[in-house]
Amino acid sequence: MRLLFCGDVVGRAGRKVLLEKLPELRAELALDAVIVNAENAAGGFGITPALCEEFLAGGCDLITTGNHVFDQREIIGHMDREPRIIRPLNMVPGTPGRGGAEVRLVNGRKLVVVQVIGRLFMGAYDDPFRALEGELARHALGATAHAIVVDVHAEATSEKMALAHLADGRASAVIGTHTHVPTADAWILPGGTAYVTDVGMTGDYDSVIGMNKAVSLQRFRSHVPGPRNTPALGEATLCAVYLEIDDRTGLAGRIEPLRLGGRLAAASGPISRPR
Ligand SMILES: [Fe+2]
Ligand SMILES: [Fe+2]
């Protein structure tokens with residue numbers, strides 16, 4: 001199974017590069033499915049039902065979110081109607097939407113996608129370790145699911161790494177999101193689970209994590225509330241990881257970071273896409 005996981009799409013610039021590049025990437029990499037974190041797609045804050053549909057029509061198979069999931073109120077009811085968008089599993093019971101989804105692929109293959117959210121520097125969520133443990137126990141990798149991808153949405157690198165080790169050998173990949181900064185540690189854990197601490201954002205890197213840099217600076221330097229912050233609108237970089245999963249075992253054979261377009265790709269030199 002060949003998968004692409006794209007990091008947090010921030011605002012219009014992020015949406016543009018994602019929807020521009022996805023058709024060619026799907027063909028070039030012969031992708032079976034594309035997973036996109038879109039918690040910042042709508043002006044940096046959440047996602048609307050209309051944007052959700054635009055992503056699904058534009059080549060995404062499954063959308064993950066995070067702490068910003070409900071920033072746009074219209075999405076609240078939509079979460080229960082549209083199974084192709086998920087939110088963190090370990091939100092309190094009764095929260096609209098689902099923490100996981102199954103994607104049916106050609107040849108009857110089944111891809112399971114789960115999202116958990118961390119607690120360190122994040123807020124009062126339920127235990128992500130217990131939630132992930134429970135979800136992994138529902139599936140047998142290579143038997144009831146051909147692949148299992150976990151989106152670990154967290155601030156602390158340590159918490160993400162610990163969650164990945166919990167899942168090692170029982171998930172195909174554990175992909176970190178939320179910090180909007182790509183880490184250089186994409187590798188395959190001893191048990192066969194592909195891992196990266198953060199896949200990075202899909203947005204304009206001439207910014208502070210995707211948002212206007214002048215407004216962000218002012219907010220750090222002053223107690224006086226400034227203008228509402230908005231996404232940076234320069235040319236965006238698509239940050240993703242490309243994954244190859246063994247259809248028989250469900251374990252990872254390859255994880256490769258990918259950076260396309262914008263300033264970050266320009267700074268990455270010639271090795272900016274899988275060979
Ligand atoms: Fe984000
Ligand atoms: Fe987040």
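Note that this is a predicted model, so its numbers are computed, not measured. Numbering of ligands and ligand atoms starts at 1, following listing order.
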N/O donor to acceptor pairs below 3.5 angstrom from side-chain atoms of residues 47-54, sequence neighbours left out:
residue: T48; atom: OG1; partner: L51; partner atom: N; Å: 3.1
residue: E53; atom: OE2; partner: H78; partner atom: NE2; Å: 3.1

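- Counted within 6.0 Å of CZ on R119, heavy atoms from surrounding residues, nucleotides or ligands total more than 12; the atom is thus considered enclosed.
- The existence of a salt bridge linking E135 and R138 is confirmed by a sub-4.0 Å separation between a basic side-chain nitrogen and an acidic carboxylate oxygen.
- In this structure, the salt bridge (charged side-chain N to carboxylate O under 4.0 Å, His left out) partners of D61, at least two apart in sequence or on a different chain, are R26.
- In this model, a donor atom of one side chain and an acceptor atom of the other lie less than 3.5 Å apart for H180 and D8.
- Sorted by chain and number, the protein atoms of type N, O or S within less than 2.8 Å of the Fe ion (ligand 2) are E39 OE2, N67 OD1, H153 NE2, H178 ND1.
- Residues in residues 217-236 take part in no salt bridge (charged side-chain N to carboxylate O under 4.0 Å, His left out) pair, two or more places apart or across chains.
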